[in-house]
Structures are given as C-alpha cells and as structure tokens.
Amino acid sequence: MTTRTRFAPSPTGHVHVGNARTALFCALLAARDDGRFILRIEDTDAARSDRAFEDALREDLAWLGLSWQEGPDVGGAKGPYRQSERGELYSEYLDRLAGKGLVYPCFCTAKELEIARKTQLAAGQPPRYAGTCAKLNTSEIEARLAKGLKPALRFRVPEGGETVFEDLVRGRQVFAHRDIGDFIIRRADGSPAFFFSNAVDDALMGVTHVLRGEDHLANTPRQLLLLQSLGLPAPRYAHLSLIVGQGGAPLSKREGGGSLNELRAEGILPEALLNYLARLGHTYASNALEGFSTLAKGFDVGHLGHSPAHFDHQQLEHWQGEAVRHAGPERLWCWMEAANPGIADLVPAAERGAFVDAVRGNLSRPSEGTDWARIVYDESLAVSAEAQAALGAVTSKLFEAALTTLKAGAPEFKPFSKAVGATAGLAGKDLFKPLRAALTGRLDGPEMERLWRLMPPDRLERRLQQALYETKKT
RNA sequence: GCUCCCUUCGUCUAGAGGCCUAGGACGGAGCCCUCUCAAGGCUUAAACACCGGUUCGAAUCCGGUAGGGAGCGCCA
C-alpha cells in the first residue's frame, strides 16, 4: 500500500510555523515512501473560511518548497479536495450512521450548552454533553421540528468499553468511552463538523498516515469510533508535539515564530526555514543544509521528539546563514531585489553575480545586501563613526601614497596595498584598517580584494581623495 | 475538576538495562587562520526534574511526587 499523507488546513488565517512543520513532516513522509501528499482544504466553517486565505496558504506552502500530488488546484482521483464541495459524500455517510441509530438530533442552544458546561465545571465535573436530547422520543422530536427548530446532529458514543489505538509516536493509547460525551457531527446549519468530515475524508481519500498536532490526540478515539461505525478504514495516527515559545508557553508572534509570510517578508530564505523546521523535534544524522528530497530520505516518524519543541530564533539564524552561503547567485540576487527593487538601478546587470558572491558572506537579510550595493556602487558614502575614527588615526602620508599608486595604474587590490604599504611604511592592521575605512566607510565587510574589483578607478580615487582631505583636516 | 500527553546541556536532540567518564548540533568561552566582519579548524564549559522500587548493574523498566501542555466546543 502506498503511503498517502495529507495536510488539512482551514483557510481562516495565514500558515503558522507550527502548521507548516506539520505539513512538512507529512510531505516528507510521503516523499520518503514514494507516496502521495494530499492538500485538503477544510472550509466547512463558511463564516470564517476565506478563499484568499486558501490562495495564500498554497503560496506559502509552495514557497517553503512543498508540493502536493493531489489537491484543489492540481486535482486527483479522490476529489473534490475542498470540504465545502463534498456535501453529498457527507450526507451519504451521515445517513449510514443514522441508519444504524447512532445519530440523534440535538435541540440544545449554544447558550444552554454553555451554561451547562459552566455548571459542570463549577461542580468539578468534566464539561461534557449531558445527553439532554439523547433520550428524546420520536414524538418529542417531531414536536420540536414542527416548531421550526433546527437541530444539530450528535453521534451516540457507546456507554461502555474503550477505544484502543497505537499512536506512531506515543505508543498505545487507551480511552474509556464513558469519558467521551456525545459530540456534534453536523451543525444546525447543515454543515459537517470537524470530527466527522475530517475522519470520513481521511478514509475516503485513502490516507494511510495522519500526522497532526498533539492537540488532536484525545480527539482521536472519537474519530476512530466514527470510522468503525461506518466500516471505513482508519489511518495510522502520529501525534506531533507542539511548538512552543519562551518558557514553554504557546508560540506568540513577538518571539518571531509568526506566519510564513511574515518570515518571508523578513527575508528568511525558504531553505533556511525548511531545514530548521525539519530538525525541530526531529533528528537528522546530517547537520548540513539539505534539499527537500534529501531530508525526505532521512525522515523517520520514530525520530520525532515527544516533548514540545521551542522555536529558537538563533537556530533559525544559523540555517539562514547556511542558506545565504549556499544559494545560487541569481537566486540571491532575486532575494535582494524582491526586498528592495531599487537595488537594480545601483548594480549593473553584468556585475550582479560577482557582487552577490562578494558580499554573501556578510549577509543575513536582504537589506544588508542593499547596504553593500550602496557602498560599492553609490557615489555618496556613509562613513561610520568607527571608520571615521580610524581615518583620524593616520597621517595623510598613507592616502598620498595610495593616490600616487592608484594613478600609476589601477592594479588588483593586493599589489596596490603592498605598494602603498611599502611607500607609507605601514603594514597589517595599520595599513588595511584605514584603507577599508576610506573605501567602504566601515571597518567590517567582505575581503577588500573582491570589493575593489567591483569599483571603478575613478570612484576609488574620489574616496581616497576624500580620506586624504579628512586626514588633513584633523 | 476529569482524561490524556510530556520532562536528558540555555535550545534542538542522541540514547530502546551494561558500549554513558551521557554523544552531536545551535548558542557561549578560548585558541588558530586572517586586513576587518563572517566562514572554517581545534579546544572547552554546560544536562539525565525529584523520590522510591526492580536489578549484579537504570538516563533507559515500575510506582509516586513536582512542573509543563492538551482535550473535554454547533473551532479545526
């Protein structure tokens, strides 16, 4: 049996790193087994679902580097892949359940239920459905229907017994039925509820492995009960620990673990996030930046951690650095240009590759690329305070020598600096620090040799001239 | 409240009774390399939540305690 996994988001907001990781693990598992990864949109809540979020969600997932073999956009044999388009299927299976007497209408209002829950909680009771409508007889039901009341449908959970299943990450799970209240499978407005549609779709779509958040662990017996009653096959379940922020609290946006589009806007490269997320709560033998297919080869449900994983920005930064160093020049250029289109006017098309390769070692965010583009290609130069100080610490002799050397011909930086050092009687830091300060306006940065090659002789000369002027001034 | 899950360096984790003097990675510290900043190389500090039990032997098995989390929704 080929492995079939699915990611089943609700289009009610942007994809968060937690969901993205779940999607990634599902995709990784399917890819490892040469199986199929399915995207299913759970848009049964018409009020909160938004097609714009669905589009954004697909874009975010694709940006991360995930692709799905079946889904609302690519189709597939088990469609439709939007729950809002699967109404007929749900009625059919609802009827089957009703035919077995496992379903009953519930006329309780939201307010009544809420009061009941609060009362139970106050009395130290589990806030479970009390079963008010479970015992209604036919005439009572008809009387209510005649009044125009619209009931929700509840599943009748067996009184005794237990549901047992083997969780792929947590092992054997046992849940007593008496701890589970009768739950809603169809809302009063006729739409299917999560427990029902989600379980039925997994079965109908032939999903073999459900990887989902740990928050669903205690819900699993409900779905198993449904599937069992319907005679549908149950998938294997693997419940992933959640991602938490500082102190173990649920992830908050302040901590940088926001939505994918925020991370992207921040300049995080998808390869960086991909590698970080793949290792968050999962072990890989390799510590090198890998592509999706290599990550897939090493993916193992048995290597998933059991405890909540902290989203650590420092570790993401490490992968970001790796990603920047490994990205191809064109890709890196696009990354910078997307963040600041103006950079295209600064850097000549023919020099973009050389420019990117020269500065990539000093980048973590695209804006830093813009900074370097200005330093190299913009006529005006912003000089940092430290660079200014470095210039003030040398005599004009250095820049006089530099200008003479430059005018004698514009060689590579190495022979140039060697000649300048010789005539000015300087070497090492005393020589390079002021030269760097004069030419770039800062004390840190890529090798001077590479920057030098990108700057035309007249610009080099003007900068040295300016530095000479500064030293004479002080 | 009830049910369930979780607990190894600061962080992600390796670890399925002796291979553990607990390994790796990120981050930290130091050294080397080097014109700077990075990168790279080397070195180093840093953890089995606690208490009992089983065993010749426990991070690993069992019980309890503590602390975190989830579920108990006409949200998914």
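So that the names make sense, note that chain A is the first sequence line, chain B the second, and so on, each numbered from 1. The figures that follow rest on heavy atoms only: side chains count, while hydrogens, waters and symmetry mates do not.
- H216(A) comes within contact range of at least one nucleobase, with a heavy-atom separation under 4.0 Å.
- Although no hydrogens or angles enter the test, the distance criterion places a donor-acceptor pair under 3.5 Å between the side chain of E368(A) and the main chain of R365(A).
- Taking only distance into account, the side chain of Q315(A) meets the base of rU11(B) through a donor-acceptor pair shorter than 3.5 Å.
- Note that R32(A) lies outside the cation-pi zone of F299(A), set by a 6.0 Å cut-off to the ring centre and a 45° limit from the axis.
- Phosphate contact (OP1/OP2 of rA76(B), side-chain N/O of R187(A), threshold under 4.0 Å): present.
- Comparing rC56(B) with rC50(B), their C1' atoms are spaced 26 Å from each other, to the whole Å.
- Rounded to a whole Å, the CG atom of L149(A) is 17 Å from the P atom of rC74(B).
- In this structure, R442(A) reaches neither bases nor backbone, as no heavy-atom distance under 4.0 Å exists between it and the strands shown.
- Nearest to the side chain of D179(A), among rC4(B), rC74(B), rU3(B), sits rU3(B).
- The side chain of P127(A) sits closest to rC72(B) out of rC72(B), rG71(B), rU11(B).
- Residue F195(A) is in base contact, counting any heavy-atom pair closer than 4.0 Å across all strands shown.
- Base pairing of rC2(B) is made with rG71(B), judged by Watson-Crick or G-U wobble geometry with both donor-acceptor distances under 3.5 Å.
- rA66(B) and rG52(B) have their C1' atoms separated by 14 Å, with the value rounded to a whole Å.
- Side-chain atoms of T44(A) lie closest to rA76(B) of the nucleotides rA76(B), rC74(B), rC12(B).
- Using a cutoff of 4.0 Å between basic side-chain nitrogens and carboxylate oxygens, R170(A) and E214(A) are scored as salt-bridged.
- Proximity of R117(A) to the phosphate of rC2(B): no side-chain N or O atom is located under 4.0 Å from OP1 or OP2.
- If you check rC50(B) for Watson-Crick or wobble pairing at under 3.5 angstrom, you find it paired to rG64(B).
- In this structure, L217(A) atom CG and rG71(B) atom C1' are separated by 9 Å, rounded to whole Å.
- Between the side chain of R154(A) and the main chain of C106(A), no donor-acceptor pair closer than 3.5 Å is present.
- With rC2(B), rC72(B), rA25(B) as the choices, the nucleotide that has an atom nearest any side-chain atom of N219(A) turns out to be rC72(B).
- At least one donor-acceptor pair under 3.5 Å links the side chain of N275(A) to the backbone N or O of E290(A).
- What separates CD of Q320(A) from P of rA25(B) is a distance of 22 Å, to the nearest Å.
- Across all non-hydrogen atoms, the minimal contact from A438(A) to F399(A) is CB-CE2, 3.6 Å.
- Side chain of Y284(A) to main chain of G298(A): no donor-acceptor pair is present (N/O by atom type, distance under 3.5 Å, no hydrogens or angles).
- Residue Q125(A) contributes atom CD, which lies 17 Å from atom P of rC72(B) at whole-angstrom precision.
- Ranked by how close their nearest RNA chain B nucleotide is to the 5' end, A123(A) and D43(A) are led by A123(A).
- Searching all strands for a Watson-Crick or G-U wobble partner of rU34(B) with both distances below 3.5 Å returns nothing.
- The main-chain N or O of G353(A) is never found under 3.5 Å from a side-chain atom of W333(A) such that the two would form a donor-acceptor pair.
- D357(A) and R450(A) are not joined by a salt bridge, as no carboxylate oxygen comes within less than 4.0 angstrom of a charged side-chain nitrogen.
- Distance from the side chain of D215(A) is smallest for rA70(B) among the nucleotides rC5(B), rA70(B), rC2(B).
- Where A110(A) and Y276(A) each meet RNA chain B at their nearest nucleotide, the meeting point lying more 5' is that of Y276(A).
- Rounded to the nearest Å, the gap between the C1' atom of rG17(B) and that of rA29(B) is 36 Å.
- In this structure, S241(A) does not reach the rC6(B) phosphate: none of its side-chain N or O atoms is under 4.0 Å from OP1 or OP2.
- Comparing atom distances between the S307(A) side chain and each of rA76(B), rC72(B), rU7(B) picks out rU7(B) as nearest.
- Across every strand in view, rA59(B) sits unpaired, with no contact that passes the Watson-Crick or G-U test at under 3.5 angstrom.
- Whole-Å rounding puts the H310(A) NE2 to rG68(B) C1' distance at 9 Å.
- Residue Y284(A) contributes atom OH, which lies 15 Å from atom P of rG15(B) at whole-angstrom precision.
- The side chain of A218(A) approaches rG71(B) more closely than any other nucleotide in the set rA76(B), rC75(B), rG71(B).
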query = How does protein reach along nucleotides 33-40 of chain B, written 5' to 3' as B (base within reach of a heavy atom under 4.0 Å), S (only sugar-phosphate), or - (no contact)?
reply = --BBBSS-
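- The side chain of L113(A) has rC74(B) as its nearest neighbour among rC74(B), rA76(B), rA14(B).
- We find that CZ of R154(A) is positioned 12 Å from P of rC72(B), with the value rounded to whole Å.
- Protein atom CD of Q120(A) is 9 Å distant from nucleotide atom C1' of rC72(B), rounded to whole Å.
- With rA25(B), rC4(B), rA76(B) as the choices, the nucleotide that has an atom nearest any side-chain atom of N287(A) turns out to be rA25(B).
- Both distances falling under 3.5 Å, in either a Watson-Crick or a G-U wobble arrangement, occur for no nucleotide opposite rA39(B).
- Side chain of R222(A), nearest nucleotide from rU13(B), rG69(B), rC72(B): rC72(B).
- Using atom P as the reference point in both rC48(B) and rG23(B), the two lie 13 Å apart (nearest Å).
- Pairing of rG10(B), defined by two Watson-Crick or G-U wobble distances under 3.5 Å, is identified with rC26(B).
- Remark: E85(A) engages R82(A) in a salt bridge, criterion side-chain N to carboxylate O under 4.0 Å.
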